[in-house]
Amino acid sequence: MHPGTKSDRSTGNIFIKPGCGRFLPRSLNFFVWLWIITFLSALLPHEVRGAKQKTVRKDTSKGKSAPASPVRKLTEAAVHKTLLPPPIPSPVDPLEKREHVMHRVRAGETLSQVLARYYVPDAEKQFWARSIMRNMGSPVLAAGKEVHLYFAKPAFKRPSRVAPGTLKAIEFDQSDAFTLTWEKGIRGILFQKREKPYDVELKTVSASLENSLFEDGLKAGIQPVLLSQLAEIFTWDVDLEKDIRAGDSFKILYEQRSRKGQETKAALRILAAELINAGQKLTAIYFEKDKGQGNYYNLQGRSLARSFLRFPLEFTAITSHFTESRFHPILRTNLPHPGVDFAAQRGTPIHAVGDGIVAEAGWNGAYGKAIDLKHDATYTSRYAHMDSFADGIHPGIAVTKGQVIGYVGSTGRATGPHLHFELYKDQQYINPLSVDFPADEIIEPALQKMFENQMRTYLVELTSAPQS
Ligand SMILES: [Zn+2]
């Protein structure tokens, strides 16, 4: 079977469109029956569907299992069955009902020539070529490229100029991850980009920490990309480069995606992690509220990400902390320092720590060139001693979290290039480094059950991780 035909269960059936039935006599309405069958099959228990999927999915992992290794190997079907929310029921794939022909493009061959080879009438050829042009930009085909043609089954027994097969769909590989499909429906040709199926292996790793996350993690043979993900996931809870103590440890459950034995892009993703830091256990659970849009949550369903950035820039050192009182090097007197000084090279980009509106952008006395951002009714942030502002930054402009608003300098009362950063909560200075920003989001009640089920399975997997 062609691998592209089973890929995207959520968009597979173009015939299930409201209103289709109205165009056909009731007694002949094949598509209504198709829909009913699809619907009934969706009511079957998950196990049955899971098993069915297993048979259609290619499992490239067969034959290379290593029973001695702690690594668990599952196909995507099995993962869906055990760990992920039940998949959207697979509609009867229209492409499966077709006669499939794979054509390998020869040097210099055009789409039109390919179609002619299969006796597609001239008028039809134009029709297909125009549609494909629209989505692909050009009908030029690279030599060696596979073109998959799907014909209406009864007509393509013995094609001839007298009785040509009716072309129903054309499909190309766009990349290792996606196929492009043009499919003839009642309302013309429909274009779809589909993700190819992939295998998923679930693995666990763990490490004890002595000095640093990266040092000890690499020593334990853990891929750097997983270590970065781990540091990022817990960035608000612990600074994994600085706050590590002897006796700390972590466990990671992650997935590795592959197609035909090749690792895919974004192949590794942490699904769950447990970190023991200074005797405290932190947990992160990956959960997708929408397909492909996931986030990490703690056991209470609170997102570990915050609506604000932890730091507004990449800095070399924190040269002055937030204090009620400190000795000022220029004024030579004790003054409170109501912000944090981040030393950084002149010109280092400064990012808005959260979404907001530019309230002030200009010269502000001792602050030099400074920007004030109003984030919401509660929070305001100030960025001082800037060398210059980013293009388009002026009062009234909306900025998004992470947007570059200006560059590090030493304007105003400053001894050297640094960013003086202040944060206000309800018009009061607060310490930007100790504020507990609100969580980005929480799991809403409607998703709570789904989240808890997933969390339970992930935690079981984590518990089974070997302790290194
Ligand atoms: Zn300062």
Side-chain angles (χ1 to χ4, degrees), residues 235-239 241-243 306-397 399-438:
T235 185
W236 277 100
D237 298 288
V238 47
D239 184 341
E241 279 309 286
K242 293 186 186 133
D243 301 345
R306 297 290 187 273
S307 42
F308 288 82
L309 290 180
R310 185 100 165 89
F311 303 108
L313 79 171
E314 271 186 46
F315 55 92
T316 51
I318 293 175
T319 47
S320 182
H321 280 269
F322 179 92
T323 55
E324 300 296 331
S325 166
R326 70 154 188 172
F327 182 73
H328 196 282
I330 292 179
L331 299 180
R332 306 198 67 76
T333 169
N334 279 316
L335 281 177
H337 188 240
V340 174
D341 289 346
F342 297 101
Q345 277 194 343
R346 188 180 303 279
T348 301
I350 297 164
H351 306 270
V353 290
D355 293 351
I357 304 284
V358 177
E360 304 283 347
W363 192 269
N364 185 357
Y367 286 117
K369 281 189 187 169
I371 290 175
D372 288 0
L373 295 183
K374 187 171 170 53
H375 298 291
D376 51 31
T378 312
Y379 291 100
T380 307
S381 57
R382 172 171 292 170
Y383 311 77
H385 310 312
M386 291 164 95
D387 196 53
S388 59
F389 302 147
D391 286 345
I393 294 296
H394 47 82
I397 285 290
V399 295
T400 55
K401 176 167 110 178
Q403 186 178 332
V404 173
I405 53 171
Y407 304 92
V408 169
S410 53
T411 54
R413 196 184 295 146
T415 47
H418 74 281
L419 172 71
H420 171 94
F421 176 65
E422 292 178 1
L423 196 66
Y424 299 79
K425 185 180 185 184
D426 301 319
Q427 277 96 49
Q428 296 288 317
Y429 297 125
I430 54 167
N431 183 353
L433 298 185
S434 65
V435 60
D436 188 19
F437 282 120

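Both counts, for ligands and for their atoms, begin at 1 and track the order of listing.
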Open item on the list: Under 2.8 Å from the Zn ion (ligand 1), can any N, O or S atom of His385 be found?
Closed with: no
Is there side-chain contact between Tyr383 and Tyr367, with at least one heavy-atom pair below 4.5 Å? no
- Task: Report yes or no: does His337 contribute a side-chain atom to a donor-acceptor pair with the main-chain N or O of Gly339 at less than 3.5 Å?
- Result: yes
Test item: side-chain donor near acceptor, Ser381 and His375, under 3.5 Å: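 A pair is found: one side chain offers a donor N or O, the other an acceptor, under 3.5 Å apart.
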Is a donor on one side and an acceptor on the other found under 3.5 Å between the side chain of Arg346 and the backbone of Asp387?
->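 The answer is no, because no donor-acceptor pair under 3.5 Å joins these two groups.
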Angle subtended at the Zn ion (ligand 1) by ND1 of His420 and NE2 of His337, to 10 degrees?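 Computed angle, vertex at the Zn ion (ligand 1), rounded to 10 degrees: 100°.
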Can you tell me which N/O/S atom of Asp341 has the shortest distance to the Zn ion (ligand 1)?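 Atom name returned: OD1.
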